[in-house]
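Letters go in sequence order (proteins before strands), and every chain restarts at 1.
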2 protein chains.
Amino acid sequence: MIIFKKNVILPVFCENLPHMLNNYSKEDKVLLAVDCIIFGFDKEELKILLIKRDFEPEKGKWSLMGGFLKRNETLDDSANRILHHLTGFHNIYMEQLYGFSKVDRDPAERTVSVAYYALINIEEHNQELIEQYSARWFSISEAPKLIFDHDQMVNHAIRRLRYRTSNKPIGFELLPEKFTMRQLQKLYEAILDEELDKRNFINKINGLDILIKLTEKDMSSSRKGSFLYQFDKEKYDKKVEDGFTFKI
Amino acid sequence: MIIFKKNVILPVFCENLPHMLNNYSKEDKVLLAVDCIIFGFDKEELKILLIKRDFEPEKGKWSLMGGFLKRNETLDDSANRILHHLTGFHNIYMEQLYGFSKVDRDPAERTVSVAYYALINIEEHNQELIEQYSARWFSISEAPKLIFDHDQMVNHAIRRLRYRTSNKPIGFELLPEKFTMRQLQKLYEAILDEELDKRNFINKINGLDILIKLTEKDMSSSRKGSFLYQFDKEKYDKKVEDGFTFKI
DNA sequence: TCAAAAGTGTTCACCGTACACCCATGG
DNA sequence: CCATGGGTGTACGGTGAACACTTTTGA
């Protein structure tokens with residue numbers, strides 16, 4: 001057993017340890033950026049929304065949508081603000097990903113960037129705003145090379161999205177409110193990048209018992225038409241309270 | 001009363017380089033802290049290493065070990081530096097957790113903190129350094145209330161540790177090089193906070209085929225003695241290359 | 001000889017997966 | 001009437017979980 005000395009504060013300070021200073025004034029400050037990987041789904045493919053950067057450095061190149069943290073906002077606030085600017089929406093699903101901090105990641109100035117990923121219903125984006133930013137949806141496989149370490153951020157986001165969709169029902173954020181089983185399956189196939197068996201998929205989803213089957217049909221995809229479903233958030237929340245864990 | 005310097009923005013860089021058309025100069029800069037949740041395991045319980053803060057604000061309270069990011073280092077560098085100061089070791093297993101950014105999280109000054117968690121072999125820590133910092137190991141359940149949002153960081157770290165130990169063999173970082181099956185099981189029980197069946201556990205571990213069973217026995221725990229094992233990193237790495245995924 | 005921990009296999013239930021045919025409809 | 005996508009159920013194997021007794025040896 002290890003014996004600890006209690007309450008001993010040695011007067012000898014380790015000089016190069018920042019926390020030992022009695023105020024923060026000597027510490028370096030940095031610019032803190034927030035960059036957003038914005039995912040959408042267009043019925044077949046997983047896409048990301050990129051902007052054409054209109055300022056130096058790297059002007060004219062494709063980039064994630066980003067901005068800098070302001071003094072009076074949290075990182076989440078900042079990501080929300082950035083997403084709002086580009087899409088016009090509030091309450092977008094988003095999650096903090098990771099902090100990227102290579103010293104020379106931005107050649108203009110030392111900047112640390114915290115990446116967020118967001119999920120939006122691709123049908124609802126605001127076309128005007130997107131044009132204002134020269135933004136464009138790219139399927140993941142056809143996306144251009146991005147500036148700085150943004151490609152790395154995107155890869156990180158895809159990994160996280162895969163993990164997250166398999167234990168939280170966030171996939172629905174990428175779909176319209178009403179969707180067919182087929183669309184849901186295609187979405188999961190796009191995210192997981194693998195084909196799924198139709199019957200097993202439907203059995204699994206129905207087994208979760210968190211969808212409402214509507215009487216309406218979507219007649220656009222076939223002659224027979226396919227039933228529309230809705231995510232039942234209330235039911236899901238209740239089940240989670242009772243110990244249910246989403247798993248797909 | 002100590003007066004802290006406010007966030008003074010010095011737009012020197014950009015003013016001296018007018019050809020660089022970036023608009024970074026108007027942006028706020030922040031102090032970027034790195035705080036480390038350091039886990040250890042003492043054969044029975046999962047523990048964290050806390051320090052008694054010896055400067056204002058919150059002097060004398062228990063806190064995570066932390067520091068500030070320096071201009072010329074990455075977040076990982078910074079975490080490594082901080083861990084090295086407290087433990088004397090390099091090459092400690094660590095992983096970035098999450099960025100905490102509540103505007104008033106540190107009452108002294110606007111600070112964003114990126115939390116890291118680290119795993120160390122509790123038997124190898126440097127007693128002198130730990131005393132210098134008035135540091136102490138606390139079992140998770142008996143840890144005191146921490147300053148700022150550090151409790152939240154710890155909770156986050158425990159969740160991540162649980163997840164990570166179930167898909168990467170990082171548990172071994174917390175054990176001595178040679179360990180018994182019993183110790184390994186106790187470790188997993190401590191991390192997952194649930195009891196495991198001895199036979200099932202051993203079958204599962206043996207099924208992974210990533211341990212070397214030594215001929216040595218640990219005679220300290222019983223009259224019969226129990227065989228010692230070692231993690232076979234080479235074998236594990238080879239298996240991973242061949243598509244093996246650790247899962248426990 | 002007894003106490004205390006080490007070590008060892010089998011059975012069963014459930015879940016994930018593979019797999020094929022009929023239905024409804026518009027053209 | 002036919003082409004197209006929609007919708008449905010079962011069988012099998014593998015994995016995870018439950019479960020109890022023997023071995024060793026120092027005191």
Do the side chains of A:D237 and A:K233 get close enough for a salt bridge, i.e. N-O under 4.0 angstrom?
yes
So, are B:K43 and B:E123 salt-bridged, with charged N and O less than 4.0 Å apart?
yes
Taking [atom1] from [X] and [atom2] from [N], how many angstroms apart are they, rounded to a whole number?
X: A:F227; N: C:dT25; atom1: CZ; atom2: P; value: 10 Å
X: B:I248; N: D:dA17; atom1: CD1; atom2: C1'; value: 15 Å
X: A:K186; N: D:dG6; atom1: NZ; atom2: P; value: 9 Å
X: B:D197; N: D:dG16; atom1: CG; atom2: P; value: 14 Å
X: B:L196; N: D:dA18; atom1: CG; atom2: P; value: 11 Å
X: A:I202; N: D:dG6; atom1: CD1; atom2: P; value: 9 Å
X: B:N206; N: C:dG7; atom1: CG; atom2: P; value: 11 Å
X: B:L211; N: C:dG7; atom1: CG; atom2: P; value: 13 Å

Pair A:K186, A:F41 - check side-chain contact (heavy atoms from CB on, under 4.5 Å), show working.
CA-CA 9 Å; A:K186 291 235 177 208; A:F41 178 68; 4.0 Å; yes
I want to confirm an ordering. Mapping B:K204 and A:M181 to their closest nucleotides on DNA chain D, which one lands closer to the 5' end?
A:M181
On DNA chain D, nearest-nucleotide positions of A:N203 versus A:S226: which is more 5'?
A:S226
Nearest heavy-atom pair of A:L129 and A:H85: which atoms, and what distance?
CD2-O, 3.5 Å
If you take all heavy atoms of A:E189 and A:L196, which pair is closest and at what distance?
OE2-N, 2.8 Å
Taking only the side-chain nitrogens and oxygens of A:R182, find out if one of them lies under 4.0 Å from OP1 or OP2 of D:dG6.
yes
Should B:R199 be listed as having a side-chain N or O under 4.0 Å from OP1 or OP2 of D:dA20?
no
Tell me which nucleotide among [options] gets nearest to the side chain of [X].
X: B:R223; options: D:dT4, D:dG9, D:dG26; value: D:dG26
X: B:N200; options: D:dT4, D:dG7, D:dC19; value: D:dC19
X: A:K224; options: D:dT23, D:dG5, C:dT25; value: D:dG5

Per nearest nucleotide of DNA chain C, the residue lying toward the 5' end, B:K217 or A:K217, is B:K217
